[in-house]
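Model, not experiment: these values are computed from the prediction. For the single chain, residues carry numbers from 1 onward in sequence order. We count ligands from 1, going down the list as the structure has it; atoms in each ligand are counted the same way.
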Amino acid sequence: MNLILMGPPGAGKGTQARRIAETYGVPQLSTGDMLRAAVKAGTEVGKKAKVAMDSGGLVTDDIVVGIIADRIGEADCAQGFILDGFPRTVAQAKSLDAMLAERGLKIDHVIDITADTEALVSRITGRSTCAKCGEGYHVEHKKPAAAGVCDKCGGTLTTRADDNEETVRNRLAVYHQQTAPVIDHYRHGGQFRAVDGMEQMDTVFTKLCAILG
Ligand code: ADP
Ligand code: ZN
């Protein structure tokens with residue numbers, strides 16, 4: 001099962017990708033997570049990516065295409081993978097098509113999780129994530145029992161440097177300009193579906209599972 005999860009920042013791609021990965025036993029390939037790890041580790045890629053990420057802009061296509069090309073060649077991707085946050089430009093989608101064709105692979109499902117822009121700003125600026133297990137929280141919609149502590153594992157909750165309002169608005173603008181056209185790239189293939197990301201997380205997950213079978 002090779003899946004692309006699309007949708008604006010805050011639509012719930014990451015959360016749903018993690019649940020699909022657990023349920024179906026295929027890895028979640030999040031370019032955002034991989035880039036954040038590179039920034040933290042201070043690698044060459046991380047140094048190049050940091051400026052774009054801090055402002056809410058996109059990292060260059062050659063960097064993310066290179067990361068994904070390496071990652072889908074790893075053994076754990078043999079049974080499939082979930083792309084989360086990639087492709088984000090039409091050029092990235094074309095590069096992905098070419099790299100899959102070269103390896104005799106194809107995308108089975110492209111699912112767009114849709115959401116309303118103002119709701120996204122409030123979702124993103126209020127969210128935090130467990131540094132240990134990755135569980136997501138929100139100041140209004142999903143408060144942890146003790147402030148700053150993960151209910152599941154007791155880990156510390158962290159917020160992303162780019163989850164402030166100014167950067168979020170820029171990320172949304174970039175999404176509409178550069179990423180929304182990627183949907184048109186896939187819309188006409190039989191594998192494309194859209195799911196309403198404004199519904200409850202569990203409802204969204206149930207709908208995704210119905211599509212994936
Ligand atoms: P979100 O979807 O919540 O905005 P991500 O974690 O997917 O967050 O990405 C965070 C940042 O990483 C983006 O704002 C961008 O700078 C960079 N990034 C992630 N994926 C890509 C990509 N495919 N192409 C270019 N930049 C990317
Ligand atoms: Zn945790």
- [ ] Return yes or no for this condition: an N or O of G57 is under 3.5 Å from an N or O of ligand 1.
- [x] yes
TODO: Given salt bridge (charged side-chain N to carboxylate O under 4.0 Å, His left out), test E140 with R123 step by step and report yes or no.
DONE: CA-CA 9 Å; E140 282 158 34; R123 274 191 192 182; over 6 Å; no
Open item on the list: Quick test of your reading of the structure: of M34, M53, R88, whose heavy atom lies closest to atom 5 (P) of ligand 1?
Closed with: R88
TODO: Mind checking how many protein N/O/S atoms fall short of 2.8 Å from the Zn ion (ligand 2)?
DONE: 4
Open item on the list: Under a 4.0 angstrom heavy-atom cut-off, which atoms of ligand 1 come close to Q92?
Closed with: 22 (C), 23 (N), 24 (N), 25 (C)
Open item on the list: Under 4.0 Å between a side-chain nitrogen and a carboxylate oxygen: does that hold for E118 and R169?
Closed with: yes
TODO: Check ligand 1 against T31 and write out every atom of the ligand that is under 4.0 Å from a heavy-atom position of the residue.
DONE: 19 (C), 20 (N), 21 (C), 23 (N)
Task: Heteroatom distance test (S30, ligand 1): nitrogen or oxygen, under 3.5 angstrom - done: no
Open item on the list: Test your reading of the structure: does L35 have an N or O sitting under 3.5 Å from an N or O of ligand 1?
Closed with: no
Open item on the list: Taking 4.0 angstrom as the limit and counting only heavy atoms of R127, give me the atoms of ligand 1 inside it, by number and element.
Closed with: 3 (O)
Open item on the list: Geometry only, no angles: is D33 polar-contacting ligand 1 at N/O separations under 3.5 Å?
Closed with: no
Open item on the list: Is a donor from one side chain sitting under 3.5 angstrom from an acceptor on the other, for D97 and H185?
Closed with: yes
Task: Salt bridge E22-R19, side-chain N to carboxylate O under 4.0 Å - done: no
Task: Modelled atom types, side-chain donor and acceptor of N170 and T167, under 3.5 Å - done: no
- [ ] Any atoms of ligand 1 less than 4.0 Å from a non-hydrogen atom of R36? List them with their elements.
- [x] 6 (O), 10 (C)
- [ ] Classify the contact between R123 and ligand 1 as side chain, backbone, both or neither, using a heavy-atom distance cut-off of under 4.0 Å.
- [x] neither
- [ ] List every atom of ligand 1 that sits less than 4.0 Å from any heavy atom of R171, numbering the atoms from 1 in the order shown and giving each element.
- [x] 1 (P), 3 (O), 4 (O), 14 (O)
TODO: Run the salt-bridge test on K48 and E44 with the 4.0 Å N-O cut-off and return the result as yes or no.
DONE: no
- [ ] Without swapping roles, check the side chain of S55 against the backbone of A52 for a donor-acceptor pair under 3.5 Å.
- [x] yes
Open item on the list: I'd like to know whether ligand 1 has Q178 as a neighbour, heavy-atom separation below 4.0 Å.
Closed with: no
Task: Closest heavy-atom pair and its distance - P9, L172 - done: CD-CD2, 4.0 Å
Open item on the list: Quick test: of every protein heavy atom, which one is nearest to atom 8 (O) of ligand 1, and how far off is it to 0.1 Å?
Closed with: R160 NH2, 3.0 Å
Open item on the list: Check whether R171 reaches the backbone of D162 with its side chain - one donor and one acceptor, N or O, closer than 3.5 Å.
Closed with: yes
Task: Option nearest atom 26 (N) of ligand 1 (shortest heavy-atom distance, choices V64, V59, I124) - done: V59
- [ ] For Q92 and R88, indicate whether the former's side chain and the latter's backbone hold a donor-acceptor pair under 3.5 Å.
- [x] yes
Open item on the list: If only side-chain N and O atoms count, and only distance matters, is there a donor-acceptor pair under 3.5 Å linking D61 with T89?
Closed with: yes
- [ ] Indicate yes or no: does an N/O atom of D162 lie under 3.5 Å from an N/O atom of ligand 1?
- [x] no
Open item on the list: Looking at every heavy atom in both V45 and A38, which two are closest together, and how far apart are they?
Closed with: CG1-CB, 4.2 Å
Task: Minimum heavy-atom distance between L157 and S128, given as atom pair plus value - done: CD1-OG, 3.8 Å
